[in-house]
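I have placed the structure first, in the form of structure tokens, so that the comments after it can refer back to it.
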Amino acid sequence: PTLSASYINAKEICADRWQQAQALFVPGGADIPYHEALREIGNRHIQAFVQEGGSYYGICAGAYYGCASIEFEKGFKNEVIGNRELQFFQGVAVGTLFSPGTYSYHSAQGAREAEIAYGGQEHKVHYHGGCTFSGEDPASEVLARYTELPGSPPAIIKCQVGKGMAILSGVHYEYSHH
């Protein structure tokens with residue numbers, strides 16, 4: 001009740017007009033616009049914010065963007081493969097996970113309910129193009145796993161970043177699938 005939320009855009013991040021914040025939420029959508037708008041200076045401001053004790057919450061595209069590299073829809077028309085600057089997780093964000101090649105940026109095609117295990121319980125959450133996290137990173141901890149995929153890969157991770165943290169989620173826990 002004592003916190004307030006407000007929207008911020010890439011220009012404000014690059015101008016460093018937001019350092020009084022406690023957390024930065026980077027939502028889903030597409031990773032490339034973040035990559036293009038925040039290059040170098042914006043990413044340095046975000047990294048410094050988290051290093052100094054802030055929190056970064058990346059959901060779907062925001063989770064891809066928080067990793068060292070991404071492999072999105074590899075081998076399909078929406079393919080995006082590349083390195084990213086934030087590197088909160090030192091591995092690779094890999095997706096899509098269910099029915100690769102069916103994802104659409106402009107519709108709910110490819111969206112579905114996903115089952116994850118979190119806190120010792122199973123939950124059904126909204127999934128639309130999200131990732132899992134591949135590679136070893138000693139500064140990360142798995143918070144939730146996809147229970148219906150082989151090997152139960154990570155769905156949500158927490159990364160220690162200096163005095164701060166980054167929570168990266170391949171699923172949309174912010175709203176129900178229905």
Side-chain angles (χ1 to χ4, degrees), residues 10 13 23-40 42-44 46-47 49-51 54-105 109-112 114-118 123 125-162 164-175:
I13 290 172
L24 175 65
F25 286 81
V26 180
D31 151 90
I32 290 176
Y34 300 145
H35 184 60
E36 291 173 349
L38 294 169
R39 290 184 191 250
E40 295 183 39
N43 290 321
R44 278 197 309 263
I46 294 170
Q47 286 170 325
F49 167 74
V50 177
Q51 284 279 344
S55 297
Y56 175 99
Y57 292 86
I59 300 170
C60 201
Y64 280 101
Y65 195 65
C67 294
S69 62
I70 65 171
E71 290 180 4
F72 178 78
E73 286 282 275
K74 187 175 183 179
F76 296 98
K77 68 178 182 172
N78 288 323
E79 179 180 277
V80 177
I81 296 176
N83 296 327
R84 295 298 182 258
E85 294 178 17
L86 291 180
Q87 301 186 12
F88 297 135
F89 176 70
Q90 294 301 304
V92 183
V94 180
T96 59
L97 305 174
F98 301 96
S99 305
T102 63
Y103 178 79
S104 172
Y105 285 106
Q109 183 177 334
R112 66 183 303 261
E115 294 178 15
I116 63 169
Y118 171 76
H123 303 272
V125 293
H126 184 73
Y127 174 89
H128 190 207
C131 61
T132 187
F133 307 92
S134 177
E136 296 295 320
D137 184 347
S140 71
E141 168 189 356
V142 175
L143 299 180
R145 293 184 175 277
Y146 294 101
T147 57
E148 58 194 308
L149 293 174
S152 298
I156 304 172
I157 61 173
K158 176 182 176 182
C159 305
Q160 189 64 46
V161 182
M165 68 162 186
I167 303 289
L168 306 178
S169 177
V171 296
H172 288 269
Y173 59 79
E174 74 275 21
Y175 62 93

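Counting heavy atoms from C-beta outward, Cys131 and Ile70 have side chains that stay 4.5 Å or more apart.
Residue Thr132 comes nearest to Pro154 through the heavy atom pair OG1-O, 2.6 Å, listed as atom of the first residue, atom of the second, then distance.
For the side-chain contact (heavy atoms from CB on, under 4.5 Å) test with His126, the passing option among Glu174, Arg112, His172 is His172; the others fail.
No donor-acceptor distance shorter than 3.5 angstrom exists from the side chain of Asp137 to the backbone of Gly91, with no hydrogens or angles considered. Side-chain atoms of Gln47 come within 3.5 Å of backbone atoms of Leu86 as a donor-acceptor pair (strictly under, hydrogens ignored). Under the 3.5 Å distance criterion, the side-chain polar atoms of Glu115 are left unmatched by any main-chain donor or acceptor of Glu148. In this structure a side-chain-to-backbone donor-acceptor pair under 3.5 Å is missing from Glu85 to Leu38. Without hydrogens or angle criteria, Glu73 side chain to Gly101 main chain gives a donor-acceptor distance under 3.5 Å.
The line from CG of Leu149 to CD1 of Ile116 is 12.0 Å long, rounded to the nearest 0.5 Å. From Ile13, atom CD1 reaches atom CZ of Phe49 across 9.5 Å, with rounding to the nearest 0.5 Å. Between Phe89 atom CZ and Lys158 atom NZ the span is 15.5 Å, to the nearest 0.5 Å.
Two rings, from Phe72 and Tyr103, have their centers less than 6.0 Å apart.
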